[in-house]
Student: 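Handing you a structure now.
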Amino acid sequence: MKFIIDNIFLIGIALISGGALFFPMLQRRGAKVTQLQATQYINQGKTLILDVRNAEEFAAGHLPNAKHIPLPELNNRLKEIEKSKNQVVITVCASGVRSASAASVLAKAGFTQVFSLEGGTNAWREQGLPITK
């Protein structure tokens, strides 16, 4: 007991830092798909690939048959992809951060099967998968 009282400050720091490391795992970040899973969905057909990067990034290279709607414009352009509400939608960006935000927007808009591509186009390229310019 004396040890705990003498080191309460250090124990508190250890508990707080441990909690800070564990907290991100508790947050719901949305569904993600790996490159393999995305390829399987694409091969099955009726999958919308939604690229949410800016125009310059999209022009530099994107997944085949990807529809381009930059993330800041997504809320205003939802009607363009409304017919895909009940299909698989895979959102894509450079690293997976913006696409996770886009997936959240789509899920709130009523899209039922929305996924974010894990690692984005960077991971897609690293796997040697096809890119269209």
Side-chain angles (χ1 to χ4, degrees):
M1 191 67 163
K2 181 172 174 16
F3 175 80
I4 293 174
I5 294 171
D6 290 343
N7 295 298
I8 193 77
F9 183 70
L10 294 175
I11 293 170
I13 289 174
L15 289 173
I16 291 171
S17 63
L21 291 172
F22 187 66
F23 181 72
M25 289 189 275
L26 298 176
Q27 293 178 324
R28 188 166 187 263
R29 298 227 173 147
K32 295 183 184 271
V33 290
T34 64
Q35 291 75 33
L36 175 62
Q37 292 167 322
T39 303
Q40 290 171 339
Y41 279 126
I42 292 166
N43 289 340
Q44 291 171 0
K46 294 189 179 184
T47 300
L48 171 65
I49 306 298
L50 182 63
D51 196 316
V52 296
R53 298 175 298 159
N54 64 39
E56 296 80 28
E57 290 174 304
F58 185 79
H62 55 273
L63 275 67
N65 302 319
K67 176 146 182 74
H68 180 236
I69 301 178
L71 182 58
E73 301 172 18
L74 185 57
N75 278 321
N76 298 329
R77 295 176 60 185
L78 283 173
K79 290 187 185 214
E80 294 177 32
I81 57 172
E82 197 164 284
K83 66 181 178 187
S84 299
K85 269 193 172 183
N86 295 317
Q87 297 176 352
V88 173
V89 178
I90 300 174
T91 58
V92 179
C93 68
S95 64
V97 176
R98 288 176 285 180
S99 62
S101 297
S104 176
V105 168
L106 294 176
K108 288 177 186 172
F111 286 76
T112 56
Q113 297 182 43
V114 183
F115 302 98
S116 173
L117 181 64
E118 201 171 86
T121 55
N122 295 338
W124 187 267
R125 277 191 181 103
E126 286 174 9
Q127 294 293 321
L129 296 166
I131 295 286
T132 304
K133 289 188 180 187

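Atoms considered below: every heavy atom in the structure, side chains included; atoms not considered: hydrogens, waters and symmetry mates. For clarity, every value in this text was computed on a predicted model and none was experimentally measured.
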Student: Compare every heavy atom of A107 with every heavy atom of V114, then report the nearest pair and how far apart it is.
Tutor: CG2-N, 4.3 Å
Student: Holding to salt bridge (Lys or Arg N to Asp or Glu O under 4.0 Å), I want the full list of residues that pass it with R125, two or more places apart in sequence or in another chain.
Tutor: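 Result, salt bridge (Lys or Arg N to Asp or Glu O under 4.0 Å) vs R125: none returned.
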Student: With K79, which residues qualify under salt bridge (Lys or Arg N to Asp or Glu O under 4.0 Å), at least two apart?
Tutor: none
Student: Using the salt bridge (Lys or Arg N to Asp or Glu O under 4.0 Å) criterion, which residues pair with E82? Sequence neighbours excluded.
Tutor: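 Expected list: none.
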Student: Kindly compute the distance separating CG (N122) from CD (Q127), expressed to the nearest 0.5 Å.
Tutor: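 So the CG of N122 and the CD of Q127 are separated by 12.0 Å.
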Student: State which residues pass side chain to side chain contact (heavy atoms under 4.5 Å, CB included) with T34; sequence neighbours excluded, sorted by chain then number.
Tutor: L36, Q37, E118
Student: Would you indicate whether the side-chain heavy atoms of S101 and L71 approach each other to under 4.5 Å?
Tutor: yes
Student: What donor-acceptor contacts under 3.5 angstrom involve side-chain atoms of residues 57-66, with partners at least two apart or in another chain?
Tutor:
{"from": "E57", "atom 1": "OE1", "to": "N54", "atom 2": "N", "distance (Å)": "3.1"}
{"from": "E57", "atom 1": "OE1", "to": "N54", "atom 2": "ND2", "distance (Å)": "3.4"}
{"from": "E57", "atom 1": "OE1", "to": "R98", "atom 2": "NH1", "distance (Å)": "3.0"}
{"from": "E57", "atom 1": "OE1", "to": "R98", "atom 2": "NH2", "distance (Å)": "3.3"}
{"from": "E57", "atom 1": "OE2", "to": "R98", "atom 2": "NH2", "distance (Å)": "3.1"}
{"from": "H62", "atom 1": "ND1", "to": "F58", "atom 2": "O", "distance (Å)": "3.1"}
{"from": "H62", "atom 1": "ND1", "to": "T132", "atom 2": "O", "distance (Å)": "3.2"}

Student: List the residues meeting side chain to side chain contact (heavy atoms under 4.5 Å, CB included) with V97, not counting sequence neighbours, and say none if there are none.
Tutor: S95
Student: Quick one: which residue pairs count as a side-chain hydrogen bond (donor to acceptor under 3.5 Å, both in side chains) with a foot in residues 102-116, not counting sequence neighbours?
Tutor: S99-S116
Student: Taking the side chain as C-beta and beyond, is there a heavy-atom pair between L74 and L50 under 4.5 Å?
Tutor: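 Yes - at least one pair of side-chain heavy atoms lies under 4.5 Å apart.
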Student: With rounding to the nearest 0.5 Å, note down the distance linking CD in Q44 to CD in Q87.
Tutor: 12.5 Å
Student: Taking all heavy atoms of A102 and all of T91, pick out the closest pair and write down the distance.
Tutor: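 In terms of heavy atoms, the two residues are closest at CB-CG2, 4.0 Å.
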Student: Quick one: ring pair (Phe, Tyr, Trp, His ring centres under 6.0 Å) pairs with a partner in residues 112-133, sequence neighbours left out?
Tutor: Y41-F115
Student: What pairs with K85 under salt bridge (Lys or Arg N to Asp or Glu O under 4.0 Å), at least two apart in sequence or on another chain?
Tutor: none
Student: Rounded to the nearest 0.5 Å, what's the gap from CD1 on I49 to CD1 on I42? Could you check?
Tutor: 3.5 Å
Student: Flag yes if V88 and L117 sit in one hydrophobic cluster, no otherwise; membership is Ile, Leu, Val, Met, Phe, Trp, Tyr, and two members link when side-chain heavy atoms are under 4.5 Å apart.
Tutor: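 V88 and L117: one cluster.
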Student: Grouping I, L, V, M, F, W and Y whenever their side-chain heavy atoms are under 4.5 Å apart, do V89 and V33 come out in a common cluster?
Tutor: no
Student: Going by side-chain heavy atoms closer than 4.5 Å, which hydrophobic residues are tied to I16, directly or by a chain of links?
Tutor: none
Student: Would you please name every residue forming a side chain to side chain contact (heavy atoms under 4.5 Å, CB included) with A109, sequence neighbours left out?
Tutor: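 Once residues adjacent in sequence are excluded, the partners of A109 under the side chain to side chain contact (heavy atoms under 4.5 Å, CB included) criterion are L78, F111.
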Student: Let me check something: do I81 and I90 share a hydrophobic cluster, defined by ILVMFWY side-chain heavy atoms less than 4.5 Å apart, either directly or through other members?
Tutor: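 In one cluster: no.
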Student: Starting from F9 and following side-chain heavy-atom contacts under 4.5 Å between hydrophobic residues (I, L, V, M, F, W, Y), which residues can be reached?
Tutor: I13
